**Q** 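Dropping a structure here in structure tokens format, bear with me for questions.
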Number of protein chains: 2
Amino acid sequence: MKPGPKRSLSEEAIVGAALKLLGERGGDAVSMRSIAGEVGVAPNAIYTYFPDKAAVLRAVVDRLIGEQSLDVFSDRTMPWRHRIREVALGLRARLLDHPGATRLLLGAPMDGPRALAYGEKLLDLLAEAGLSEEDAARASYTLIVYLLGSIALEAAELDPAAPTPPEDDRIAQRRKGFEAIPAESFPRTAASVDVMAAYISTDQFLWGLERVLDGLVRD
Amino acid sequence: MKPGPKRSLSEEAIVGAALKLLGERGGDAVSMRSIAGEVGVAPNAIYTYFPDKAAVLRAVVDRLIGEQSLDVFSDRTMPWRHRIREVALGLRARLLDHPGATRLLLGAPMDGPRALAYGEKLLDLLAEAGLSEEDAARASYTLIVYLLGSIALEAAELDPAAPTPPEDDRIAQRRKGFEAIPAESFPRTAASVDVMAAYISTDQFLWGLERVLDGLVRD
DNA sequence: GCTGAGTCTGTACGCTGTACAGAGATCGAG
DNA sequence: CTCGATCTCTGTACAGCGTACAGACTCAGC
């Protein structure tokens, strides 16, 4: 057995506290100090469990991913497309539940054990769908790109990073920094704006997923 | 004319300085203070031009996007698929040139004027490819998801956010925080790892793009 | 019982974004 | 030409951040 006093915390507890803060008070509220406060230790005690903050955040993301059961992947009573849909929706729901978490996803990509298991299963599933080993690998990556990209863009839209200033000078604030650009090149009510705004929904998510899958395993 | 002294800077200059820092010293080096130092003013002088740091970063991203000429979009001597490839590669190249910039992309999505113009053109192009108005909109969004997702994941991989610690205890450091998880669930040499590592390339980017396009405009 | 490793606390450093007050420059109006 | 309004920029300051360092305490094994 190791010497020294018993640990008063666990990685689990720390990640849990971070997750709680993330959900309750947004991504900016997740600091070493607030996490430590949440579990009742001095801020630097966390460095006993994780090498730095980035590691904590990676563990948070991994836990979020790991909350999804992997059983669906191999449930052969469903057609594989159905299973992929299911898994994709699950991942999306879990991550969008904590909008602040998502911006972490892409800064430190999925290299936690649970994320790896996830990727592994996805690979198997695509092989089962009839793809060659190489195609399955490429398709798996493409799919992950679509999933994470979608989720990230959606999360960015609904993140509480927009504390809604007094609306009076919101447009002015928004234009600040683009003053050198003629006003007419601001397509304020243009179609592209509507696209971004209106199609952010489960509906659009599934529509895109379906098309991507069509492209990946067609013929 | 407005009263007050002449401005000694411009939004352009500030964004330029930020971009320079981004390229030369990485994303973490872009602070209000360093930008101000670069252009030779006090840190808070920047607040005359931008409401806050996020606005500066949004302008940076918009500038990066805007560096791409929009002419390719409407050059009807090329087939539309070729044009999309061209434009996608251009965007990717421009953003990966400044790896630090990419993590900003998803935190504050593209709402700058140049980004909007970009989206607008993409929409037209897809309509030209024969899609209905609604399908073009959805496809446009899906395509943007793929582009930004790809680029973000690639940038995360090659970002200088990995200062490479002394390699002796790199694995130990890496495992820290996952100690509760049995070692055998660490698929260290698993296929999914290779997927993530090996297929990050222009090749994979184009492969995926082609499949996504196949899915979007098949029939 | 001693040794030495391991866990936690207190303190401190250098950095961040940005709010606030005021100095100086420049304009339009009288 | 003067005056007051208005704008830009500086100095200073604050609260918060991640984390390095030194030391107090607790325990397993000799």
Side-chain angles (χ1 to χ4, degrees), chain A residues 1-14 17-18 21-22 25-60 100 103-104 107-108 161 163 165-166 169 172-173 176-177 179-180, chain B residues 1-14 17-18 21-22 25-60 100 103-104 107-108 161 163 165-166 169 172-173 176-177 179-180:
Chain A
M1 194 58 179
K2 281 189 308 182
K6 296 279 174 225
R7 297 187 156 194
S8 66
L9 276 65
S10 66
E11 289 86 357
E12 285 266 315
I14 293 171
L21 286 168
L22 202 56
R25 297 172 40 209
D28 292 335
V30 182
S31 69
M32 288 292 146
R33 284 171 159 86
S34 63
I35 296 174
E38 187 72 29
V39 293
V41 294
N44 37 3
I46 302 185
Y47 289 87
T48 303
Y49 300 83
F50 294 90
D52 55 22
K53 185 184 183 182
V56 178
L57 298 182
R58 263 184 280 125
V60 166
R103 83 177 91 168
L104 316 173
D169 34 23
Q173 287 285 85
K176 218 170 177 184
E179 284 149 14
Chain B
M1 190 64 180
K2 281 189 308 183
K6 295 280 173 225
R7 295 188 156 195
S8 66
L9 277 64
S10 66
E11 289 85 358
E12 285 266 315
I14 292 170
L21 286 168
L22 203 56
R25 295 172 40 207
D28 291 334
V30 182
S31 69
M32 289 292 146
R33 285 173 159 85
S34 63
I35 295 174
E38 188 72 29
V39 292
V41 294
N44 37 1
I46 302 185
Y47 289 86
T48 304
Y49 299 84
F50 294 91
D52 55 21
K53 185 185 181 181
V56 178
L57 297 182
R58 264 184 280 124
V60 166
R103 81 176 94 168
L104 317 172
D169 35 21
Q173 287 285 85
K176 217 170 179 183
E179 282 150 15

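Chain letters run A, B, ... following the sequence lines, proteins first, then strands; residues in each count from 1. Since the model is a prediction, treat every value here as computed from it, not as a measurement.
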**Q** Taking all heavy atoms of B:Ile35 and all of B:Leu21, pick out the closest pair and write down the distance.
**A** N-CD1, 3.7 Å

**Q** Kindly give the heavy-atom pair with the smallest separation between B:Ala59 and B:Phe50, and that separation in Å.
**A** CB-CE2, 3.8 Å

**Q** For the atom pair CD (B:Glu38) and CZ (B:Arg25), what is the distance rounded to the nearest 0.5 Å?
**A** 8.0 Å

**Q** If every non-hydrogen atom of B:Val60 is compared with every non-hydrogen atom of B:Ala18, which pair is closest and at what distance?
**A** CG2-CB, 3.7 Å

**Q** Considering all heavy atoms of both residues, which atom of B:Leu22 and which atom of B:Gly27 are nearest to each other, and what is their separation?
**A** CD1-CA, 3.6 Å

**Q** Mind checking the CG-CZ spacing from B:Asn44 to B:Arg33? Nearest 0.5 Å is all I need.
**A** 8.5 Å

**Q** Counting heavy atoms from C-beta on, name the nucleotide in C:dT9, D:dC9, C:dC8 closest to the side chain of A:Ala42.
**A** C:dT9

**Q** Give me, pair by pair, the N or O atoms of the protein and of nucleotides 28-30 of chain C that are less than 3.5 Å apart, along with how far apart they are.
**A**
from	atom 1	to	atom 2	distance (Å)
C:dG28	OP1	B:Met1	N	3.3

**Q** Consider the side chain of B:Pro3, meaning its heavy atoms from C-beta on, and name the nucleotide among D:dT6, C:dC8, C:dG24 that approaches it most closely.
**A** D:dT6

**Q** Go through B:Leu57 and B:Val30 one step at a time and tell me if the side chain to side chain contact (heavy atoms under 4.5 Å, CB included) criterion holds.
**A** CA-CA 9 Å; B:Leu57 297 182; B:Val30 182; 4.2 Å; yes

**Q** Should A:Tyr49 be listed as having a side-chain N or O under 4.0 Å from OP1 or OP2 of C:dC8?
**A** yes

**Q** Which residue, B:Pro5 or B:Gly40, contacts DNA chain D at a nucleotide closer to its 5' end, judged by nearest heavy atom?
**A** B:Pro5

**Q** Could you state the CZ-C1' distance from A:Phe50 to C:dT7, rounded to the nearest angstrom?
**A** 16 Å

**Q** Working to the nearest 0.5 Å, report the span between CD1 of B:Ile14 and CE of B:Met32.
**A** 9.0 Å

**Q** Would you kindly give the CD1-to-C1' distance between B:Ile46 and D:dT10, to the nearest whole Å?
**A** 13 Å

**Q** Examine C:dC27: is either OP1 or OP2 under 4.0 Å from a nitrogen or oxygen in the side chain of B:Lys6? Give yes or no.
**A** yes

**Q** Protein-nucleotides 14-19 of chain D N/O pairs closer than 3.5 Å?
**A**
from	atom 1	to	atom 2	distance (Å)
D:dC17	OP1	A:Ser31	OG	2.8
D:dG18	OP1	A:Met32	N	3.4
D:dG18	OP1	A:Lys53	NZ	2.6
D:dG18	OP2	A:Met32	N	2.9
D:dG18	N7	A:Arg33	NH1	2.5
D:dG18	O6	A:Arg33	NH2	3.2
D:dT19	OP2	A:Tyr47	OH	2.8
D:dT19	OP2	A:Lys53	N	3.0
D:dT19	O5'	A:Tyr47	OH	3.1
D:dT19	O4	A:Arg33	NH2	3.4

